[in-house]
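Computed from a prediction, not measured in an experiment: that's the story for all the values here.
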Amino acid sequence: MPDSLYEILDDRFLPCTKGDSRLETLHDGSRWAEGPLYLPAWRQLVWSDIPNDRILRWDEATGAVGVFRSPAGNSNGITVDRQGRLVTCEQGNRRVTRTEPDGTVTVLAERWQGKRLNSPNDAVVRSDGTIWFSDPDFGILSDYEGHRAESEIGACHVYRIDPGTGEVSLAADGLDGPNGVILSPDERRLYVSDSRAARIHRYDVHADGTLSHGEVFAEAPDGVRFDNIRFDDEGRLWAAALTDGIHCYDPDGTLIGRVRVPERVANVTFGGPKGNRMFIAATSSLYSLVMSVTGAGRV
């Protein structure tokens, strides 16, 4: 474990450092942990263990960990819609699904223009039910996190699912490896991490769900790659930065600090009764950190 949990690069990061001084390990035993999602009604957190093809569940009251779903289609990112239903990116099955209240699974997206998706990675849901999801090729490059296959589309995009018609349409292209996706708290902008390009892009979101004015919000330091991204309620953006821990960006795009983590960080999310507990999926482990900042409530 590093000597200091927080690395302060700018005084604007100081308010973020007043919580726990060490990470708490909640579970150790995943092969590659991703997609943490806190469910406040049940005080539970679910996350994906992709190579083991399962979704795990941690109970906040007891600390117990069990299997939520197996097999799980080599699931990656998990979020919820406005009705509290799970929306899951299944890398192995190459689709986006919704889990209904009775436990049945509805396929929301598996093709675009008649071609199979690559391996959906992460998704976010707008208040009107519009879903955006990233579709890199990570899950078809080998059999480790999915099933080796050729891309039918030949590119990696971000797509939109229309809440009324269910139509899957192209939302953003020109990306090398789109990964984490998140809406700003006011839903006016969509942020997308491009792992291969080591950038976070920002787009204006229109009422019909189309995107425009794509621009680079942040670029990673040399040798660093981004995975998922989340906002706190002060507009700071937190990025899982794999070998470089967790990055914190000011709303103006300045990297103001880091949280050091002893394993490669794939995903982060906020949760807990007050929304100020950061959950960290890092390689084989699930960590948590009770913080002096609060998540924005967008997952």
- Query: Can you check salt bridge (charged side-chain N to carboxylate O under 4.0 Å, His left out) on R199 and D194, steps first, answer last?
  - Reply: CA-CA 5 Å; R199 295 174 180 147; D194 188 338; over 6 Å; no
Can any side-chain N or O of [X] pair as donor or acceptor with the backbone N or O of [Y] at less than 3.5 Å?
X    : Y    : value
S151 : I153 : yes
D143 : R148 : yes
N74  : I50  : yes
D122 : V181 : yes
R31  : P51  : no
E167 : D162 : no
S119 : P136 : yes

- Query: So, R236 and D250, do they make that salt bridge, N to O below 4.0 Å?
  - Reply: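 No.
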- Query: Do NZ/NE/NH1/NH2 and the carboxylate oxygens of E110 and R94 come within less than 4.0 Å?
  - Reply: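 No salt bridge links E110 with R94.
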Return the [atom1] to [atom2] distance between [X] and [Y], rounded to the nearest 0.5 Å.
X    : Y   : atom1 : atom2 : result
L26  : L45 : CG    : CG    : 8.0 Å
R57  : D59 : CZ    : CG    : 8.5 Å
L86  : I55 : CG    : CD1   : 7.0 Å
F133 : T88 : CZ    : OG1   : 13.0 Å

- Flag if over 12 foreign heavy atoms under 6.0 Å of CD, Q83: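 Yes - once you tally the heavy atoms of other residues, nucleotides and ligands closer than 6.0 Å, there are more than 12.
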- Message: Counting only heavy atoms not in H213 (residues, nucleotides, ligands), do more than 12 fall under 6.0 Å from its NE2?
- Response: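 Counting other residues, nucleotides and ligands, NE2 of H213 stays at 12 neighbours or fewer.
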Specify whether [X] and [Y] have parallel, tilted or perpendicular ring planes, treating 30° as the upper limit for parallel and 60° as the lower limit for perpendicular.
X    : Y    : result
W238 : F13  : tilted
H247 : Y249 : tilted
Y191 : F217 : perpendicular

Which heavy atom of [X] sits nearest to which heavy atom of [Y], and what is that distance?
X    : Y    : value
P251 : G235 : CG-O, 3.3 Å
S127 : R82  : O-CG, 3.4 Å
I229 : V192 : CD1-N, 4.1 Å
C89  : P120 : CB-O, 3.4 Å
L242 : A266 : CD2-CA, 4.3 Å
W47  : V65  : CH2-CG1, 3.9 Å

[Y] and [X], any side-chain heavy atoms less than 4.5 Å apart:
X    : Y    : answer
T254 : R12  : yes
V205 : R126 : yes
I8   : L14  : yes
Y6   : L289 : yes
F138 : R196 : yes

- Message: Please identify which of these residues, H27, E60, R277, meets the side chain to side chain donor-acceptor pair (under 3.5 Å) condition with S288.
- Response: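 Of all the options given, the one that passes is R277.
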